[in-house]
Every structure is written in structure tokens, then in C-alpha cells.
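My questions all concern the structure below.
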Amino acid sequence: MSTDLCPRGLIVFAAALFTFAAAAAALTVDLGKTREEEPVSLGISRTDANRIELPETIINAFSSSGSIDVKIIGRSALVRTEDPAELIILTEKRRLTLLLSPEEGPSRTVIMRDEDPPSPDRAKEATGSIEPLPYEKAITDLVLSLASENPPAGEISGEEQKLTGSLLLSHRAEMASPPFSASLYVVRNSGSEAAALTENMFFDGPETVAVGMERDELAPGESGRVFVVTKRGHER
């Protein structure tokens with residue numbers, strides 16, 4: 001059964017630096033040498049988000065795999081899957097089929113371009129020197145400000161509430177940089193056994209565009225920070 005992927009997906013921040021995982025290991029694919037009906041095979045990271053950029057705006061993406069996460073922003077699709085999957089991307093100009101093969105290793109950026117010579121900016125991307133997109137910089141700056149030692153004025157004294165199982169959640173601070181808003185939460189494991197954290201625990205509708213976690217598992221009594229970024233007026 002084909003699953004229509006909501007433009008929600010994941011943007012993953014590195015645990016310590018809160019940089020975008022999809023900004024590493026660039027690869028360039030020349031679409032001018034590929035017929036539209038032929039699928040394109042791509043090796044991607046199994047554990048981190050991967051950025052796939054096309055020459056034109058992406059309209060939609062869908063897959064028969066239920067384990068794939070996709071976020072569509074303009075010309076880019078941020079993709080993560082642990083299992084091999086087929087991803088079909090529709091743009092203003094083409095229908096592109098990608099055969100994704102997850103591999104161990106860092107996240108990958110794939111630049112899909114037409115056969116025309118790349119611009120200086122694209123040449124920079126092809127060599128791995130990638131400038132962050134405006135929305136990436138805005139979100140990263142917002143989270144870094146929220147994660148600083150001096151919390152912003154929007155500090156909140158939040159009481160603990162049950163998240164799931166033995167995990168308790170408290171809302172500690174928030175900060176806005178329109179159209180984005182970031183919230184800082186602290187999650188505490190009140191149980192006697194280790195508890196796993198996943199990004200999906202913190203996605204709440206299509207307005208959630210990014211989740212960053214300090215750790216993906218908490219030992220008994222341990223706490224960790226979680227950053228959730230939302231965007232007002234989100235449109236598919």
C-alpha cells in the first residue's frame with residue numbers, strides 16, 4: 001500500500017553541537033544522464049537524516065515503506081530510513097524514483113542537478129563545502145540560543161508530567177524567531193530501568209519541524225534535554 005508522506009519527518013541535530021546532520025558528505029547526481037523512468041540508486045546513512053536536493057521545488061513524496069521519515073522543504077527532502085526503501089519524488093518538472101540503500105556512516109547530502117554546468121554555489125556543495133540554507137541557519141541559531149548557559153527571557157517553571165512509561169517531561173524555556181519557535185524540555189527517567197527516547201515522542205502535528213535530543217536513552221534517575229522547533233503557518 002502506498003503511504004502519502006506528510007511533510008513532517010525529521011531534522012536531526014547532532015547531540016553536542018546541534019548542527020544539521022544532513023549537511024555532511026555531499027554527492028552530486030547528474031539527472032541529465034538518467035532517463036525519467038529509470039530509478040536512481042542512492043546509498044544513505046542508516047542512522048542520520050540525509051538531505052536530497054533537486055533543481056526545482058518538490059511537490060510531494062511517497063513510498064510503500066512505512067519505516068521512512070521524510071520532510072519536504074522547498075527543493076530539499078530530508079530523509080531517514082533504517083531499511084531499504086523506494087522513494088518517489090514529484091516536482092514541478094519530473095517524477096523521480098529513488099532506491100535508497102541505508103549504510104553505516106554519517107549523513108549524506110545528495111545534490112540532484114541537470115546536465116547544465118553547476119553554478120559556483122553548486123560547485124561548493126559538490127566539494128562538500130556546503131553553506132547552510134536560510135531555514136537551517138535560523139533553526140540552528142534558535143536552538144543554540146536556547147541551549148546556551150543563559151536561558152532567554154521566556155524561561156518557564158514547568159511541572160513534571162508523564163510522557164510515557166517511566167519518563168517524566170517538564171517544559172523549561174522557550175524562544176521565538178518568527179516564523180520559528182523553539183521549546184526546551186527536560187525528560188527524566190523515574191524508573192528503575194533504562195528508558196529509550198525517540199524523536200517521534202515529541203512530534204505534535206505538521207507544525208513540528210525539528211527535534212533535537214541530547215541522548216536517546218536515559219539511565220534510571222537520569223535527565224536529558226530535548227529541543228522542539230515548530231513553525232507557524234506551516235503549509236504542505
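Both backbone and side-chain heavy atoms feed into the values below; hydrogens, waters and symmetry mates do not.
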- Is there a donor-acceptor contact under 3.5 Å from the side chain of Asn50 to the main chain of Asp48?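 Checking the backbone N and O of Asp48 against the side chain of Asn50, a donor-acceptor pair under 3.5 Å is found.
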- Task: Begin from the C-alpha positions of Leu98 and Ile52 and carry the test side-chain contact (heavy atoms from CB on, under 4.5 Å) through to its verdict.
- Result: CA-CA 10 Å; Leu98 305 179; Ile52 300 174; 3.7 Å; yes
- Query: Under the side-chain contact (heavy atoms from CB on, under 4.5 Å) criterion, do Val209 and Phe180 qualify, and how do the steps go?
  - Reply: CA-CA 9 Å; Val209 297; Phe180 298 107; 4.2 Å; yes
- Query: Do Leu168 and Val187 share a hydrophobic cluster (ILVMFWY, side-chain heavy atoms under 4.5 Å, transitive)?
  - Reply: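 No, it is not one cluster - the side chains of Leu168 and Val187 are not joined through contacts under 4.5 Å.
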- Item | Leu169 vs Glu160 side-chain heavy atoms within contact, under 4.5 Å |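 Leu169 does not reach Glu160 side chain to side chain.
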- Below 4.5 Å, heavy atoms only, C-beta onward: do Ile44 and Arg51 meet side chain to side chain?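 Counting from C-beta outward, Ile44 and Arg51 never come under 4.5 Å.
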- Message: What I'd like to find out is whether the side chain of Ser41 reaches to under 4.5 Å of the side chain of Ser101, using heavy atoms alone.
- Response: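 No, every pair of side-chain atoms sits at 4.5 Å or beyond.
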- Item | Side chains of Val40 and Leu99 in contact at under 4.5 Å (non-hydrogen atoms) |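 With C-beta onward as the side chain, the pair stays apart.
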- How long is the gap from OG on Ser166 to CG on Asn189, to the nearest 0.5 Å?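 Reported value, rounded in 0.5 Å steps: 4.0 Å.
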- Can you list the steps and then say if Arg108 with Ser45 is a side-chain contact (heavy atoms from CB on, under 4.5 Å)? CA-CA 6 Å; Arg108 167 162 286 182; Ser45 171; 5.7 Å; no
- Minimal non-hydrogen separation, Pro55 against Arg75, with atom names: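 Taking every non-hydrogen atom into account, O-CD, 3.4 Å.
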- What heavy-atom pair brings Ala196 and Leu167 nearest, and what distance separates the two atoms?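 Answer, listing the atom of Ala196 first, then Leu167: O-CD1, 3.8 Å.
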- For Leu90, side chain to side chain contact (heavy atoms under 4.5 Å, CB included) partners two or more places apart: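 Partners of Leu90 under the side chain to side chain contact (heavy atoms under 4.5 Å, CB included) test: Phe62, Ile88, Arg95.
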- Message: With heavy-atom distances below 4.5 Å as the criterion, would you say the side chains of Leu54 and Ile89 are in contact?
- Response: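 SC-SC contact between Leu54 and Ile89 confirmed.
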- Please determine if Glu222 and Arg188 form a salt bridge, counting it only when a charged side-chain N lies under 4.0 Å from a carboxylate O.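 No.
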- Message: Quick one, Leu87 and Val79 - any side-chain contact, counting heavy atoms below 4.5 Å?
- Response: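 SC-SC contact between Leu87 and Val79 confirmed.
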- Query: Is a salt bridge present between Glu56 and Arg94, judged by a nitrogen-to-oxygen distance below 4.0 Å?
  - Reply: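 Yes.
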- Backbone of Glu82 reached by a side-chain donor or acceptor of Arg46 within 3.5 Å: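 Yes, because the side chain of Arg46 sits within donor-acceptor range (under 3.5 Å) of the backbone of Glu82.
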- Item | Between Glu207 and Thr230, a side-chain donor and acceptor under 3.5 Å |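 Side-chain D/A pair, Glu207 to Thr230: absent.
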- Item | Polar side chain donor-acceptor pair, Ser65 to Ser67, under 3.5 angstrom |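 Present: a donor and an acceptor within the cut-off.
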- Item | Those residues that, when tested against Glu86, pass salt bridge (charged side-chain N to carboxylate O under 4.0 Å, His left out) (two or more places apart) |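 Salt bridge (charged side-chain N to carboxylate O under 4.0 Å, His left out) check on Glu86 returns nothing, list empty.
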- Task: Evaluate the criterion side-chain contact (heavy atoms from CB on, under 4.5 Å) for residue pair Arg113 and Asp30; output intermediate values, then yes/no.
- Result: CA-CA 5 Å; Arg113 62 176 179 84; Asp30 190 345; 4.0 Å; yes
- Determine the minimum heavy-atom distance between Val186 and Ser223, stating which atoms define it.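 Nearest pair, atom of Val186 first, then Ser223: CG1-CB, 4.0 Å.
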- Task: Write down the atom of Ala77, the atom of Val70, and the distance for their closest heavy-atom approach.
- Result: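 The answer is CB-CG1, 4.4 Å.
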